[in-house]
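A note on names: the letters A, B, ... follow the listed sequences, proteins ahead of strands, and every chain is numbered from 1. Owing to the predicted nature of the structure, the values given are computational and were not obtained by experimental measurement. Because only heavy atoms are used, hydrogens play no part in the values below, and waters and symmetry mates are left out as well, while side chains stay in.
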Amino acid sequence: MNLDPFGGRFPNRQRNVDAAALFKEGDQETKVRIAGRILAFRGHGKAAFADVVDESGKLQAYFRSDRLGEKYEIVRCLDIGDIVGVDGPLFKTKTGELTVLAENLTMLSKSLRPLPEKWHGLRDTELRYRRRYVDLITNPETRETFKVRCNVIRAIRRFMEERSFVEVETPMMHPIAGGANARPFVTHHNTLDMQLFLRIAPELYLKRLLVGGLERVYEINRNFRNEGISTRHNPEFTMLEAYEAYGDYNTAMELTESMFVRAAEAARGLKVTWQGVQLDLTPPWPREPYLELFKKHVAVDPADAGKLAARCREAGIDPAGMPTEYMVNELFEKFVEPKLTGPVFVVDYPVAICPLAKQKRDVPSVAERFELFVVGTEMANAFTELNDPIEQRKRFARQLELKAEGMDQLDEDFLLALEHGMPPAGGLGVGIDRLVMMLAGVDSIREVIFFPLLRKVSLDEDGDGKECRPEAGKTI
RNA sequence: GCGCCCUUAGCUCAGACCGGUAGAGCAGCUGAUUCUUAAUCAGCGGGUCGAAGGUUCGAUUCCUUCAGGGCGCACCA
């Protein structure tokens, strides 16, 4: 028989769930037309059963040579992994399983590679990340995790739209890497002969839009940070940043709570278990001032430079050249953050570590800033945005003095924008990957990113990377 | 970057402590089988044991180095 193993258009095909919904008890006449991948095959000589799986689920197909005639030859060369179309009436087998009795079978794509073991699926972590498509085909938990991701992001977009925020896109390639403190990835534009940085944050561009009169803006997109990789860090990760003119960090806090509730409802509800901890996300979440937490858990006077330095050295932190606030923050990260099971808003950070945040009017040493923590993990960061260009210039200059990572010049263009007048505003950043991790109950960021960054391996002609990795001892 | 652990057939895993060149299940191939569903029955093929080097008469097993991966630490205000 002559047939194209890689098929073509298969019009008027029904999703498996939709086809199944058409069945009425006792009826043998309802004809359906489904398509999907064969994930199990049980042959019986002149008949066979196959599980045909599409995105919506599984539907069994039953092939009989007396029904298919010469097309039964296709059944004989079917492999697990092949993608096929099946036409025929629905019926129930004697064990009660809804099944399509095939009157026609169309080969839509041949699979040349075997699928992993049917019972255990693909377990090898490395292969699950390198060949995510196989992971998605064989492991329902993986499909479920990414469904949560899609639902969460969709829910957030709807939520932001309801609140009259507009979604915008700002540059990913920046002449100056700003808006956060992290080492950037460097690239180069040939025609302009210009060094560029992949953005570490969209903050400074979104604020330019506030200057331009856009009052509620947000962006959900990738940031790139040239730092270590861990269960909570991928070099490219997805961040939501939102800015609300005429708001402040209190409005941002309310926005965060409401958004997280909506995201949780779109996933698995407000009660979640993450990293072995049972959490209830029902708001309101407690607000804990930064310095009070510090005093409670570190028990060192945050103004006593000598004692702070001693405590730092004890903890293996080199305090040389650090202002007191930096030492406090090092100790805070090391001793306080892991204790924040949350969800909890840590509020009122020392202004010295918040170069883009406005100070409290009555307590100028403190910035109107919060971070949201859950199980020791920073989930969101927000503040009342600093809109005083003179003060902003001083803050940048101070950072330059301290040689903040990746910062070697003032962003004059941003300061110029501020000088035109930026409305007071609340700004918010949310780590989307971490939010999805929590709501999907997975412990590694690689589980919520389809293709996490891994070291390069070369494949041989057989496609087996393990056979052909870079040779030992060879340096290029 | 540092520490610990892992790498055996396409996949999931035994074997190693005590050195004698490997086993199972699934998948594949051949045959039987027209209501099976981890289908069943009979038979067959499949491995540079991650790579290189060392010790040894002999290494998948012991040692060293390297690669990839996992976890933790560091980095990430």
Protein and nucleotides 70-73 of chain B: nitrogen or oxygen contacts under 3.5 angstrom:
residue : atom : partner  : partner atom : Å
B:G70   : OP1  : A:Arg446 : NH1          : 3.4
B:C71   : OP2  : A:Arg446 : NH1          : 3.0

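Using a 4.0 Å cutoff on non-hydrogen atoms, the parts of residues 28-49 of chain A near RNA chain B are A:Arg42, A:Gly43, A:His44, A:Gly45, A:Lys46, A:Ala47, A:Phe49, ordered by number.
Distance check, rounded to the nearest 0.5 Å: OG1 of A:Thr341 to CD of A:Gln278 gives 12.5 Å.
Pair assignment for B:C18: none, as no Watson-Crick or G-U wobble contacts are both less than 3.5 Å. Pair assignment for B:G25: B:C11, on the basis of Watson-Crick or G-U wobble contacts that are both within less than 3.5 Å. Pairing partner, B:G72: B:C2, with both Watson-Crick or wobble hydrogen-bond distances short of 3.5 Å. Nucleotide B:C49 has no partner under the Watson-Crick or G-U criteria, as no pair reaches both atom distances under 3.5 Å. Across the strands present, B:U60 finds no partner; the criterion is a Watson-Crick or G-U wobble pair with both atom distances under 3.5 angstrom.
Contact annotation: A:Arg123 does not reach the phosphate of B:U12 (side-chain N/O to OP1 or OP2, under 4.0 Å).
Residues satisfying the salt bridge (charged side-chain N to carboxylate O under 4.0 Å, His left out) test with A:Glu391, not counting sequence neighbours, are A:Arg395. For A:Pro89, the side-chain contact (heavy atoms from CB on, under 4.5 Å) partners are A:Lys31, A:Leu101, A:Glu103, not counting sequence neighbours.
Here A:Tyr249 and A:Phe383 keep their ring centres 6.0 angstrom or further from each other. The aromatic ring centroids of A:Tyr205 and A:His174 lie less than 6.0 Å from each other.
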Only distances under 3.5 Å count here; give the side-chain donor-acceptor pairs of residues 302-311 of chain A to other protein atoms, sequence neighbours excluded, each with its distance to 0.1 Å.
residue  : atom : partner  : partner atom : Å
A:Asp304 : OD1  : A:Gly306 : N            : 3.2
A:Asp304 : OD1  : A:Lys307 : N            : 3.1
A:Arg311 : NH1  : A:Glu314 : OE1          : 3.3

Going by atom type alone, with no hydrogens or angles, which donor-acceptor pairs under 3.5 Å involve a side-chain atom of residues 36-47 of chain A and a protein atom two or more places apart or on another chain?
residue : atom : partner : partner atom : Å
A:Arg37 : NH1  : A:Gly81 : O            : 2.8
A:Arg42 : NH2  : A:Asp51 : OD1          : 3.0
A:Arg42 : NH2  : A:Gln60 : OE1          : 2.8

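Using a 4.0 Å heavy-atom distance criterion, A:Asp51 is classed as making no nucleic acid contact. Using a 4.0 Å heavy-atom distance criterion, A:Glu330 is classed as making no nucleic acid contact.
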